[in-house]
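Structure first, then comments.
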Amino acid sequence: MAQRALPITTALLVAGMVILPVTAVLWRGGGPGALGPAEWAALRFTLWQAAVSAALSVALAVPVARGLARRDFPGRGTLIALMGAPFILPVIVAILGLLAVFGGSGLVNRVGAPLGAPRLDIYGYHGVILAHVFFNLPLAVRLLLQGWLDIPAERFRLAAALDAPIWRVLEWPMLRRVCPGAFAVIFVICLGSFAVALTLGGGPRATTVELAIYQAFRFDFDLGKAATLAALQLVLGLAAGAFALRVAPSGGFGIGLDRQRDRWDGATPMARAADGLWITFAAAFLLLPLLSVAVAGLPGLAQMPAEVWSAAARSLALALGATTLTLALALPLLTAPGETAALLGIAVSGLVLGTGYFLLLQPLIRPGDVALPVTMLVNALMALPFVIRILRPGLESARADCGRLAAALGLSGWRLWRIVYLPRLRRPLGFAAGLTAALSMGDLGVITLFADGDNATLPLQIYRLMGSYQMEAARAAALLLLVLSLGLFWGFDRGGRANAAA
């Protein structure tokens, strides 16, 4: 009974931590606000771009993840880690990299102009979709790659012995199980697009709901309208999560002794060429913008003020604290109701959550004094859906493979987790922790509502350097942020994959 009460209590706690600040915003705004034609247009565009971005991300991830799953080559692990970088980058830093490659004076236009290629304009709806695919393709690849790695090598050997088509009997069933969840998570991420639409949207026709919420706060201070838009966002996010839970078939491929790469089904020259082309395309698409950020930041390393290092230390503390809190909330929530509760955090606008906590805390304490704890809490709530989605398939597989044996041995509670579940979850736990730490490291959202001159994080310090036209120092600080974010992700992910099948 106690074991069942903990997930329920945690789910209620998470739901309360999301619903309470939203209610505070709605109450302070005097009730729901009326939505005009501009807001409904923003809602339609948000749904359209989220669906297109998620579909493209998952569709492109299938051949890339398949190539990585069945090829073993030097540097494969490093390439997989680096390909995850765009998703964990601070948005503004990544957009600077995209502009350097796809912008008006970017690499693609400079190379294409002498060849007579049409000029690429990154601003507008196509720029928003391009940026979303850039950010979310790595997440889709990792989720699908995990699905391929969960297929035991014995199944491939059995399929070969029976002369059965591997795509039909093994890979397609796995994709039917994994793709809906990956699509839903990316769809919800794109529902909350703010900085991408702000910088690349190019006008009212490419305005998202999150940007409309910002405009309601920033220009109108219409809290009622902002809360109404946030409620719509919440409904859409929960609907996407319910869709993923309903259409994703349950069950895996069972227990196995090892995993298979360099498989015989990909031994033909055409298969090797196709895998190589897809891996090369993905690596170039994702890594060239990162390289441009690194090159631009190197000259200013010696010009960074001391405040940058203090801000970096605060960001590290924030990232590690948010990671610890996220995992503490996620492990009890590894059930279907728990996942639904976790989706609340990303389905609601981070700006609305931050404003709600500001309104709740203002009568009790100076909000600036709790800027980092509140930012840590909001980051943990917004990371929960990713962590739950990453961990849940592994836990279900462990229960299916070892549940009866554990029950026969009388294992329960912490002993069951320590002996059975946690060793099987080591790899996804490392990935989830690295993802959470890196996302928290680069967050620039709630901290802008609370922070003063003494508690700025590194992303906020970069914005301040840019605002004071210290561009060399800003680029160098962006490079530092890139290195720290990638370092956190790589460290946790590598720790999870150590002595485990990668």
Side-chain angles (χ1 to χ4, degrees), residues 7 10 14 54 57-58 61 65 68-69 80-81 83-88 135-151 174-175 177-189 237 240-241 244-245 248 250 252 259 319 322-336 338-343 345-346 379-400 417 421-440 488-498 500-502:
T10 308
V14 170
S57 298
V58 174
L68 290 170
I80 291 174
M83 285 178 60
F87 183 76
I88 62 180
F135 284 120
N136 295 302
L137 176 60
L139 176 63
V141 168
R142 286 301 299 261
L143 291 174
L144 269 60
L145 179 59
Q146 186 67 47
W148 255 289
L149 295 176
D150 284 339
I151 304 176
M174 180 276 296
L175 290 174
R177 181 168 55 91
V178 176
C179 283
F183 176 90
V185 169
I186 295 173
F187 181 85
V188 174
I189 294 170
L245 293 174
S250 60
R259 298 297 182 259
T323 302
T324 303
L325 180 58
T326 302
L327 294 180
L329 292 173
L331 291 177
L333 290 178
L334 292 179
T335 61
E339 185 168 359
T340 303
L343 281 170
I346 196 174
N379 273 275
L381 292 174
M382 299 189 74
L384 267 179
F386 309 117
V387 175
I388 295 292
R389 188 69 260 172
I390 292 166
L391 297 182
R392 190 178 175 211
L395 182 66
E396 289 181 345
S397 177
R399 284 174 172 168
W417 277 90
Y421 294 155
L422 290 180
R424 300 287 299 275
L425 291 175
R426 180 172 179 173
R427 184 171 56 196
L429 271 173
F431 176 47
L435 188 66
T436 303
L439 290 174
S440 300
L488 284 171
F489 177 77
W490 181 85
F492 280 111
D493 188 46
R494 181 69 176 175
R497 289 189 289 117

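Residues take their numbers from the sequence shown, with the count starting at 1.
Taking CG of Leu439 as the reference point, atom CZ of Phe489 lies at 9.5 Å (rounded to 0.5 Å). With values rounded to the nearest 0.5 angstrom, Leu384 atom CG is found 9.0 Å from Leu327 atom CG. Here the CE atom belonging to Met382 is positioned 9.5 Å from the CD1 atom belonging to Ile189, to the nearest 0.5 angstrom. Note that CG of Leu331 is 6.0 Å distant from CG of Leu429, once rounded to the nearest 0.5 Å. To the nearest 0.5 angstrom, Ile186 atom CD1 is 5.0 Å from Asn136 atom CG.
The shortest non-hydrogen separation linking Ala322 to Thr436 is O-CG2, 4.1 Å. For the residue pair Phe187 and Ala54, the shortest heavy atom distance occurs at N-CB, 3.8 Å. Taking both residues in full, the closest heavy atoms of Ser57 and Ala140 are given as O-CB, 3.8 Å, listed atom of the first, atom of the second, then distance. The two residues Ala330 and Ile388 have their closest heavy-atom pair at O-CD1, 3.4 Å. Residues Pro180 and Leu175 approach most closely at CD-O, 3.8 Å, considering heavy atoms.
Proximity of Leu144 to Met174: side-chain heavy atoms (C-beta onward) are nowhere separated by under 4.5 Å. Contact annotation: the side chain of Ile80 never approaches that of Val141 to less than 4.5 Å [non-hydrogen atoms, C-beta and beyond].
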**Request:** Applying side-chain contact (heavy atoms from CB on, under 4.5 Å), run through Val387 and Leu435 and close with a yes or a no.
**Result:** CA-CA 8 Å; Val387 175; Leu435 188 66; over 6 Å; no

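Partners of Leu325 according to the side chain to side chain contact (heavy atoms under 4.5 Å, CB included) rule, which considers only residues two or more places apart in sequence or in another chain, are Leu329, Leu377, Ala380. Under the rule for a side chain to side chain contact (heavy atoms under 4.5 Å, CB included), the partners of Leu143 that lie at least two apart in sequence or sit in another chain are Leu139, Ala182, Ile390.
With Phe431 as reference, Arg142 is the one residue of Gln146, Arg426, Arg142 to meet the side-chain contact (heavy atoms from CB on, under 4.5 Å) rule.
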